[in-house]
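The structure displayed is predicted, hence computed values, not measured ones.
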Amino acid sequence: MRDFTQLTSKALPLDRANVDTDAIIPMQYLTSIKRSGFGPFLFDDWRYLDAGDLSIDPAKRRLNPDFVLNQSQPQGAQILLAKENFACGSSREHAVWALDNYGFRCVIAPSFADIFFNNCCKNGVLPVVLPSTVVDALFKLVAADAAAEIAVDLAKQTVTASGIQASFELDAFRKEGLLHGLDEIGLRS
């Protein structure tokens, strides 16, 4: 697992509440446990105009130009901004793998499904819970300037961006694991 200390990046705004793990990575892609290769299938049903499966090369599929992941402005973003109850639904570690494989290192939302939150911490992706008012302010910032950057500092447990500063909570055990790139087994060794 990669460590997470600080990150300054553009953010991709996914302005939807109650995003289910089935939407993050659909069931037909759950045949592998290699932890890699899932990035092209992230948000598959929203990202592509045609149905997909493992036998179809994602590069040959038609992109949905209206979906935020396919728009030019947020390309290279390592932070995903989401709404409340992100990654609800079934327990699916593949959802975190897909986000990580795509390039996201941090997800900021007002709330997460508990299992997804735990899976993020076990896989080097930092889940940050902030009040809805702060998340809404970050969405407004990114809407006004797609190149705006957000800074996340795990050691200080802060999120800062143009005129916005907020603190977030994370228990010491998970924080230590993320800072040093250690999963639960590595931390207990």
Side-chain angles (χ1 to χ4, degrees), residues 1-2 4 7-129 135 138-139 142-143 146-150 152 178 181 183:
M1 178 169 100
R2 293 181 294 166
F4 189 108
L7 172 66
T8 300
S9 171
K10 295 184 288 184
L12 184 131
L14 184 64
D15 195 5
R16 299 177 188 213
N18 302 309
V19 173
D20 193 283
T21 53
D22 292 329
I24 297 171
I25 185 77
M27 171 176 42
Q28 69 263 33
Y29 302 112
L30 306 183
T31 58
S32 173
I33 57 168
K34 293 189 315 188
R35 297 183 184 208
S36 62
F38 296 102
F41 310 111
L42 179 65
F43 301 118
D44 195 82
D45 292 341
W46 298 337
R47 189 172 172 186
Y48 299 101
L49 295 172
D50 45 1
D53 61 48
L54 288 173
S55 66
I56 300 172
D57 180 359
K60 296 181 180 176
R61 295 175 64 199
R62 293 178 302 132
L63 294 174
N64 176 358
D66 296 327
F67 185 57
V68 67
L69 208 68
N70 297 330
Q71 296 168 355
S72 62
Q73 296 161 336
Q75 294 301 314
Q78 295 180 53
I79 297 172
L80 178 66
L81 288 178
K83 293 294 184 168
E84 55 277 336
N85 200 28
F86 185 74
C88 55
S90 61
S91 170
R92 192 170 285 191
E93 201 164 6
H94 294 75
V96 177
W97 298 344
L99 289 162
D100 182 52
N101 291 175
Y102 186 80
F104 291 114
R105 296 293 324 275
C106 177
V107 182
I108 299 173
S111 60
F112 294 93
D114 289 339
I115 294 171
F116 176 82
F117 187 93
N118 291 331
N119 285 338
C120 280
C121 293
K122 292 177 184 178
N123 287 282
V125 174
L126 176 62
V128 173
V129 176
V135 174
L138 291 170
F139 268 93
V142 171
E149 291 190 327
I150 298 171
V152 180
L178 283 162
D183 61 13

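Between Glu84 and Pro110 the shortest heavy-atom distance is N-CD, 3.7 Å. Looking at every heavy atom in both residues, Pro40 comes nearest to Tyr48 through O-OH, 2.8 Å. Between Ser9 and Gly76, the shortest heavy-atom contact is OG-O, 4.1 Å. Taking both residues in full, the closest heavy atoms of Val19 and Ala23 are given as CG1-CB, 4.3 Å, listed atom of the first, atom of the second, then distance. The two residues Ala82 and Phe139 have their closest heavy-atom pair at O-CE1, 3.8 Å. The shortest heavy-atom contact between Phe67 and Arg47 is CD2-CA, 3.7 Å.
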- [ ] For side chain to side chain contact (heavy atoms under 4.5 Å, CB included), just list the numbers for Ile150 and Leu81, CA-CA rounded to whole Å, side-chain angles, deciding distance to a tenth of an Å, and then say yes or no.
- [x] CA-CA 10 Å; Ile150 298 171; Leu81 288 178; 4.3 Å; yes

- [ ] Just do the salt bridge (Lys or Arg N to Asp or Glu O under 4.0 Å) check on Arg92 and Asp20 with the steps written out, would you?
- [x] CA-CA 10 Å; Arg92 192 170 285 191; Asp20 193 283; 5.8 Å; no

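Although no hydrogens or angles enter the test, the distance criterion places a donor-acceptor pair under 3.5 Å between the side chain of Gln28 and the main chain of Gly52. Judged by distance alone, the side chain of Ser111 and the main-chain N or O of Asn85 form a donor-acceptor pair under 3.5 Å. Between the side chain of Lys10 and the main chain of Gln75, a donor-acceptor pair closer than 3.5 Å is present. In this structure, the side chain of Asn70 engages the main chain of Asn64 through a donor-acceptor pair within 3.5 Å.
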Below 3.5 Å, can you tabulate the donor-acceptor pairs from side chains in residues 97-106 to any protein atom, sequence neighbours excluded?
from: Trp97; atom 1: NE1; to: Asn123; atom 2: OD1; distance (Å): 3.1
from: Asp100; atom 1: OD1; to: Arg2; atom 2: NH2; distance (Å): 2.3
from: Asn101; atom 1: OD1; to: Gly37; atom 2: N; distance (Å): 3.1
from: Asn101; atom 1: OD1; to: Phe38; atom 2: N; distance (Å): 2.9
from: Asn101; atom 1: ND2; to: Arg35; atom 2: O; distance (Å): 3.2
from: Asn101; atom 1: ND2; to: Trp97; atom 2: O; distance (Å): 3.2
from: Arg105; atom 1: NH2; to: Asp3; atom 2: O; distance (Å): 3.0
from: Arg105; atom 1: NH2; to: Gly124; atom 2: O; distance (Å): 3.0

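Around atom CG of Asp53, more than 12 heavy atoms belonging to other residues, nucleotides or ligands sit under 6.0 Å away. Within a 6.0 Å sphere centred on CG of Leu30, heavy atoms belonging to other residues, nucleotides or ligands number more than 12.
Taken to the nearest 0.5 Å, the CG atom of Leu42 stands 8.0 Å off from the CG atom of Leu80. Atom CG in Leu12 sits 11.0 Å away from atom CG in Asp15 (nearest 0.5 Å). Note that CG of Leu126 is 4.5 Å distant from CZ of Phe4, once rounded to the nearest 0.5 Å. Distance check, rounded to the nearest 0.5 Å: CZ of Arg62 to CG of Asp50 gives 5.0 Å. Here Thr31 contributes atom OG1 and His94 contributes atom NE2; the two are 7.5 Å apart, rounded to the nearest 0.5 Å. Separation of atoms CG (Leu7) and CD (Glu149) is listed at 9.0 Å; rounding is to 0.5 Å.
Residues Val152 and Gln78 are not in side-chain contact: their nearest non-hydrogen atoms beyond the backbone lie 4.5 Å or more apart. In this structure, the side chains of Ile24 and Phe86 come closer than 4.5 Å at one or more pairs of heavy atoms.
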